[in-house]
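Chain naming here is simple, since letters A, B, ... match the order of the sequence lines and numbering starts at 1 in each.
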Amino acid sequence: MASPSFKENVPLSPPKKETYKPDLDSQPAAKRRKLGPSGPASSQPTQSSFADVLARLKEDAEETQDAEGGADCWARPALPEIDERRDPIIFQQIDAEDKTEQGDGSALRMFGVTEGGNSVLMHITDFLPYFYIAVPRGFMNTDTTAFRDYLNNLDGDGARGECQFNNLFRDVVDTYESNVPYALRFMIDTKVVGMNWIEVPAGKYKLLKEGKRSHCQIEINVRWDQFISHAPEGNWSKIAPLRILSFDIECAGRKGIFPEANIDPVIQIANMVTRQGESKPFIRNVFTLNTCSHIVGSQVLSFDDEAKMLQAWRDFVNEVDPDVVIGYNISNFDLPYLTERAHALKAKNFALLGRMANVKAVTKDTHFSSKAFGQRDSKETALDGRLQVDILQYMQREHKLRSYTLNSVCAQFLGEQKEDVHHSIITELQNGTPESRRRLAVYCLKDAYLPQRLMDKLMCFINYTEMARVTGVPFNYLLSRGQSIKVLSQLFRKANEDGYLVPTLKGEGSDEQYEGATVIEPRRGYYNVPIATLDFSSLYPSIMMAHNLCYTTLLDKTTIDRLNLVKDVDYIRSPNNDFFVTSGKRKGLLPTILEDLIGARKRAKADLKKETDPFKRAVLDGRQLALKISANSVYGFTGATIGKLPCLAISSSVTAYGRQMIEKTKQEVEAEYCIANGHLHDAEVIYGDTDSVMVKFGPTDLREVMALGSQAADLVTAKFIKPIKLEFEKVYFPYLLINKKRYAGLYWTKPEKYDKMDTKGIETVRRDNCRLVSTVISTCLNKLLIDRDVKGAEEYTKQIISDLLQNKVDMSQLVITKALAKTDYAGKQAHVELAERMKQRDAGSAPALGDRVAYVIIKGVKGAAAYEKSEDPIYALENNMPIDTKYYLENQLSNPLMRIFEPIMGEKASSLLSGDHTRSIQIATPTVGGLMKFAVKTVTCMGCKNAFESNQ
DNA sequence: GGTTTAGCCTAA
DNA sequence: TTAGTTAGGCTAAACC
């Protein structure tokens, strides 16, 4: 593949910001309705009913303890008087959009919130799309006018089409920076990063009053270059008191069928509104269809008409005016369901949920596919000016879990189960009494609160805010786009700063793979002596920095010859035989970016140490995490052949250096620590992967080994170029080395006490086996490595096997989950075949592309394949299908058990799998008690998040 | 019945 | 219009 070459940034034609389109301001201002004191609802037919609701709400709020949550408090703080000539407008921007309305041409707007909690819309004028081309041969400065006229006379938006140039200049013309999203282009040029603070000085903006186009309290016009963008440091690290709405809906479905918006009603919508930085919601309410008994601490708003309820909820959203809308699976279920339902009910103007007046929210289908994240189809319902965080999507991106049901995620991170109302009885409860509907509402309220609690606990918002600030991309990219746009954003910023233009590559991805890291052949076995682990910290970033690897430093042989460059003075040759300019001659962009990231991380960590305020600490911790992830993704970006700027010379040089380094490390350590050099033992590198070596120095004493480890790390570090650093990190003792990428050990960083049990790659950390296997292996490892109780581990294992064969193991322990990763499979597989069968039963609730399919293996005819015996756990329960316990013993437990016991017990290990305990009489039908517990607790529908029916 | 391949998930 | 990398263990199906 041709390596991209950067161009020095010399002014090219057409000049930046040259106007090819009519000026925005010259467009006739659209007629906009003046907003009444209570917002746009004042002219809606639903207003009177909503007023009734408000009145009822006030009464309700007075009754509840939580009087603060009354209707008076829905709206934002009142707007102070603003004097255009005296007052600057200062706000935290949350989104920059390039929405092009009809006839508007290109338009940019930025939404945000002031420190006082007022909402802001800033219309940005006079910033037009542009890109660069290399000056064609013979093209003179005097040709620019004629060239511009030619472009302006092209049909449609020809100025953006590269083909036009190719027609014009015969040769293919390289373009630069022509593939940057418009909003990001603007942010790069104005040094705006995601979620930073903007200051518009007095006199530099025009306050819109009559011509307002949004519901924002402050709406201004500003020229693109007339504001100050504050770097998110010091006082500008703060976060505005953003309003976060967390909501959940309930639908009354028909038995056994997933709810469909054109048939099944929305019966409840629960809402929690929290100010960013506060620990409790200040609004809690639930909109119910039909009456509902009082709920302490929450407002109940009841409606007898579904359309009116939906419209009242829309009015509530507009009144609260949230900056961030969150929930669980809101992107793929709640928001599309609400808009579709409103459409089916002909509930007028329901979709006016965003901040722009008269702009309806529309649901779009999107598809995301990457090797790292897999494929997924999803929906997107943009609410103008409001960020969305679907906590389900966040979880799927940021945490590898066996199951992503709200229930399972809450159990994992909040340590609690959610209040479950059974899927099949929702309709029953709805059709019952005010009391039964109250029960439903309590459940719905809790489901609205849990996403907020998860967000607080995991600090999703703070961490994403810091990620947006560090990488410079808009917040909404973090859930909707891939990893590479973040690197690209940083690269563009640094490139432009240093006077480079980034080429736009013709994106034909190549299938060629390059060689990666070395995995040292393991000396498998059980080690009852301390094993020291030495790691290169941030190996790939440090290689890129040490050797100045970059797009801007890459040389070819011709250039070297032409310029008479001297090896090791002007340039170096990588082990992959690529040439790079030395940093003394020209420092690369990527090394500079990496240094900045690493330096910023050091500062963040130092600040974190000093900081005592828990909120500021959380921000700093989020920042250092974002900086670490960013540094580590630069390498992957250069190797992404189907990306924006692949450069295999860089990525394969990085891995080549890495391979050389790990080999050298092994040799240096073994050469130095040997009997011949006066040591008591010959050290052995027993394993190593990419950036680490595991060393058996020989001594049995932990302290001694730790001393040798840190000494050896320093010895090796000295042999490499800065900032490459080998660190002694920990000792494993004892250490069970099963295979490449598979080991377990007790992890010690200090000689007094081990820190933890560490397991890599084995069943305890894998998600594609059943829980029984991971708990059994985990328990055995604890007994073997911590208690050193081989006998106990054996007995435990035999007992489990006996229980399994007697059907005493709860079915929840036998559920296997696997991702449905593709649309077309070559062969038959258990989870794929089951997903297909489930689709036949009820398409709506069947697993979708990217979902994890949960299944159990049930008894079948003799010799049947596993894919014929896989079954939905709930379906198996309901239909009393017997578990194939033999499968679980032979295909799930057996091999993993042998792999950990054999290195310790030797041949005797096989006795675990035969003997009296395997000859227990089997009970044909499953035990009911434990199974029901399972059904209620862990199996929920991903769409409506309700538990499925048990066999009650 | 042994070997190859597809697919999943993890290590780093 | 969009998508971070390679190495590698392990299971079950497919193949011969």
Under the ring pair (Phe, Tyr, Trp, His ring centres under 6.0 Å) criterion, do Y394(A) and Y464(A) qualify, and how do the steps go?
-> CA-CA 10 Å; Y394(A) 177 89; Y464(A) 266 24; 5.0 Å; yes
Select base, sugar-phosphate, or nothing to describe what A866(A) touches, counting heavy atoms under 4.0 Å on all strands.
-> sugar-phosphate
Select base, sugar-phosphate, or nothing to describe what A865(A) touches, counting heavy atoms under 4.0 Å on all strands.
-> sugar-phosphate
Judged by modelled atom types alone, do S178(A) and T504(A) share a side-chain donor-acceptor pair under 3.5 Å?
-> yes
Using a cut-off of 4.0 Å on non-hydrogen atoms, how would the nucleic acid contact of G516(A) be classed: base, sugar-phosphate, or nothing?
-> sugar-phosphate
Phosphate-side-chain proximity, S484(A) and dG4(C), N/O vs OP1/OP2 below 4.0 Å = yes
Contact class for R376(A) vs. all strands (heavy atom < 4.0 Å): base, sugar-phosphate, or nothing?
-> nothing
When you match E763(A) and S480(A) each to their closest nucleotide on DNA chain C, which lands nearer the 5' end?
-> S480(A)
Are D872(A) and Y855(A) close enough, and set up right, to give a side chain to side chain donor-acceptor pair (under 3.5 Å), and what steps lead you there?
-> CA-CA 5 Å; D872(A) 173 9; Y855(A) 64 93; over 6 Å; no
Which part of the nucleic acid, if any, lies within reach of R402(A) when heavy atoms closer than 4.0 Å are counted: base, sugar-phosphate only, or nothing?
-> nothing
NA contact type, K740(A), heavy-atom cut-off 4.0 Å: base, sugar-phosphate, or nothing?
-> sugar-phosphate
Distance from I686(A) atom CD1 to I520(A) atom CD1, nearest 0.5 Å?
-> 10.5 Å
How far does the C1' atom of dA12(B) sit from the matching atom of dG4(C), given to the nearest Å?
-> 14 Å
Check every atom of dC9(B), dA3(C), dA12(C) against the side chain of D768(A) and return the nucleotide holding the closest atom.
-> dC9(B)
Given that both pair distances must be under 3.5 Å and the pair must be Watson-Crick or G-U, what runs of three or more consecutive pairs involve DNA chain C?
-> B:1-12 with C:5-16
Identify whether any heavy atom of Y867(A) sits under 4.0 Å from a base atom; if not, whether one sits that close to sugar-phosphate; answer base, sugar-phosphate or nothing.
-> sugar-phosphate
Could you tell me which non-hydrogen atom of S653(A) sits nearest to which non-hydrogen atom of N576(A), and how far apart they are?
-> OG-CB, 3.7 Å
May I ask you to say what Y743(A) touches in the nucleic acid, namely base, sugar-phosphate or nothing, with a heavy-atom cut-off under 4.0 Å?
-> sugar-phosphate
What do you reckon, are the aromatic ring centroids of H547(A) and F580(A) less than 6.0 Å apart?
-> no
